[in-house]
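All remarks here apply to the structure that follows.
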Number of protein chains: 2
Amino acid sequence: MKNKTLAEKAAQELLKFIQDKNMVEGEKLPNEYELSNQLGVGRNTVREAVRILASRNILKIKQGAGTFISDKPGMVEDPLGFLFMEDRRKLVSDLMQVRLIVEPAIAALAAQNATEEDHRQLTRICQEIENLIFEGKDFSEKDRAFHSKLAESTQNLVMKNLIPVICQGVRVFSTTVSAQEYKQTIETHRKILQAVKERRGVDAEQAMSYHLLYNIQRFQKEEDLT
Amino acid sequence: MKNKTLAEKAAQELLKFIQDKNMVEGEKLPNEYELSNQLGVGRNTVREAVRILASRNILKIKQGAGTFISDKPGMVEDPLGFLFMEDRRKLVSDLMQVRLIVEPAIAALAAQNATEEDHRQLTRICQEIENLIFEGKDFSEKDRAFHSKLAESTQNLVMKNLIPVICQGVRVFSTTVSAQEYKQTIETHRKILQAVKERRGVDAEQAMSYHLLYNIQRFQKEEDLT
DNA sequence: AGTTAAAAAATCGTTTTACGAAATGGACTA
DNA sequence: TAGTCCATTTCGTAAAACGATTTTTTAACT
């Protein structure tokens, strides 16, 4: 604790301050001047402390409005350093390889551990995706939500945090626009969902494998064109 | 790019500046005043920009000495927000569950893709672990290095960045001191290494599964005591 | 000449003051 | 009532000044 910079110590103190007050998502912090007084450091130092916590998505800064408690505590922007990888094509390919290993197992685990509430939310997301498809809109964000919720349904904390990162990586770095062949997406999503609901782990696993392999194939085809 | 704060834009510019100059690990940046001039922003903003990059481990700040290029580009301190999880026992358990899914596949991939240089490094690390064990010292750091290097040997960029994070989590949050039964560690590590070298993917996979299951069992035994 | 200690320089750390930019809320007007 | 505008609040940025720490230089001493 001794060789840390004052701003870092202030950040730690501020975090404790937040936890002590039991502040919840969306709640507003005192402004920078008041924090400067309460923490006993200059406003500049307060700003750096706040930024440290903001960089970890613990706080959300809004100019003119204030600083608020964020919703996704601890999740970072680019946690695994994807931005600094040169070969983005390989990155997407590698991401899909990881998904192909992890997500079938996730589907099986979700089939085993998902709650009724998880089932409802998954169903809703699945429906929203189908709606977006019918309207011809981009559904990649919702697709990510589906896979993330599935990961959350495993009740495994690490999966819950990891999968959004991986899916986001694919979403950001793949140049692929939403596929033309939506039918496959709708169908396999439904299959996965149904298997999870009925707690058929192996079926969920297989459906997920098929879903991902199909997408990987699509990516590869597109690569061949460029 | 428009609704970003000036400091964030400055950070991006600074990063480009670094990449353009092809700066390498350990190299020193101009001081804050010069950067302030070169980037055309105030020193305060420069500091915030530098901190953004420092928080991503791209830069390393040393008071009185200067700011330098870091060695582990893009790797963050606590990328998946482990620090904010309440139940650390469950966290370790969840981490091991993830490892049990991912690492056998990694072993198989490594057997397929590892280079001669990878083989050499893995062998060296394996030897170092055995030495530490014979000396009765803590080898958890080196164990992490072994699993990380194995992940790197898959030639999959995501694995390479992901596994160190997972292993570090286990290492930090598990209260387990190095096991008494070292023999198992030495033996299975050797088995994995040998299988990877001889490109026997399935054998590597199985050896890794056994290795992890053994450790999980150990964790559970220890939990039962407390 | 070599060693060591003090001084100087370089650099980041922190505070303070001042003003700009954005969001919010309330008063005023149609 | 609805919409617009303005004052207030709050974060964003800049600049100057001094403190803290590290590195380098200088100087003194053996």
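Order of the sequence lines sets the chain letters (A, B, ...), proteins ahead of strands, with each chain counted from 1. These values consider heavy atoms only, across backbone and side chains, with no hydrogens, waters or symmetry-generated copies.
Atom-to-atom, CD of A:E32 to C1' of C:dT17 comes out at 15 Å; the value is rounded to the nearest Å. Distance, B:I61 CD1 to D:dT23 C1': 18 Å, rounded to whole Å. In this structure, A:F68 atom CZ and D:dC11 atom C1' are separated by 11 Å, rounded to whole Å. Atom CG of B:L39 is separated from atom C1' of D:dA14 by 15 Å (rounded to the nearest Å). If you measure from atom CG of A:L59 to atom P of D:dG12, you get 12 Å, rounded to the nearest angstrom. Spacing between atom CD of A:E34 and atom C1' of D:dC11 amounts to 14 Å, rounded to whole angstrom units. Computed from coordinates, the A:L35 CG to D:dT10 C1' distance equals 12 Å when rounded to whole Å.
With D:dT22, D:dT13, C:dA22 as the choices, the nucleotide that has an atom nearest any side-chain atom of B:E48 turns out to be D:dT13. Distance from the side chain of B:L6 is smallest for D:dA14 among the nucleotides D:dG19, D:dA14, C:dG20. Counting only heavy atoms from C-beta on, A:R47 has its side chain closest to D:dC11 among D:dC11, D:dA20, D:dT23. Checking D:dT21, C:dT15, D:dG12 against the side-chain heavy atoms of A:R51 singles out D:dG12 as nearest. If you check D:dC11, D:dT13, C:dG13 against the side chain of B:T5, the one that comes closest is D:dT13. If you check D:dT23, D:dG12, C:dT15 against the side chain of A:N44, the one that comes closest is C:dT15.
For the pair B:L29 and A:R43, nearest-nucleotide mapping onto DNA chain C gives the more 5' position to B:L29. Between B:V41 and A:K28, the one whose closest nucleotide on DNA chain D sits nearer the 5' end is A:K28. Remark on DNA chain C: of its neighbouring residues A:Y33 and B:G66, the 5'-side contact belongs to B:G66, judged by nearest-heavy-atom nucleotide.
Ring geometry, B:H211 versus B:H147: the interplanar angle falls under 30°, so the pair is classed parallel (tilted spans 30 to 60°). Aromatic ring pairs are classed by plane angle as parallel below 30°, tilted from 30° to 60° and perpendicular above 60°; the pair B:F82 and B:F173 is perpendicular.
Between the side chain of A:Q63 and the base of C:dA23, no donor-acceptor pair under 3.5 Å is found.
For C:dT11, neither phosphate oxygen OP1 nor OP2 lies less than 4.0 angstrom from any side-chain nitrogen or oxygen of B:T67. Between A:K62 and C:dT24 there is no side-chain N or O to OP1 or OP2 distance below 4.0 Å.
Taken from NZ in B:K90 to CG in B:L95, the straight-line distance is 10.0 Å, to the nearest 0.5 Å. Going from atom CZ of B:R190 over to atom OG1 of B:T185 covers 12.0 Å, rounded to the nearest 0.5 Å.
Within 4.0 Å (heavy atoms only), B:N31 reaches sugar-phosphate atoms of the nucleic acid but no base atom. Looking at heavy-atom distances under 4.0 Å, B:G64 makes contact with a base.
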For a quick test of your reading: what N or O donor-acceptor pairs under 3.5 Å do the side chains of residues 38-50 of chain B make, sequence neighbours left out?
residue	atom	partner	partner atom	Å
B:R43	NE	B:E32	OE1	2.8
B:R43	NH1	B:Y33	OH	3.4
B:R43	NH2	B:E32	OE1	2.8
B:R47	NE	A:E48	OE2	3.4
B:R47	NH1	B:E32	OE2	3.1
B:R47	NH2	A:E48	OE2	3.2
B:E48	OE1	A:R51	NE	3.2
B:E48	OE1	A:R51	NH2	3.2
B:E48	OE2	A:R47	NE	3.4
B:E48	OE2	A:R47	NH2	3.2
B:E48	OE2	A:R51	NE	3.3

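Taking a cutoff of 4.0 Å between a charged side-chain nitrogen and a carboxylate oxygen, A:E13 and A:K9 do not qualify as a salt bridge.
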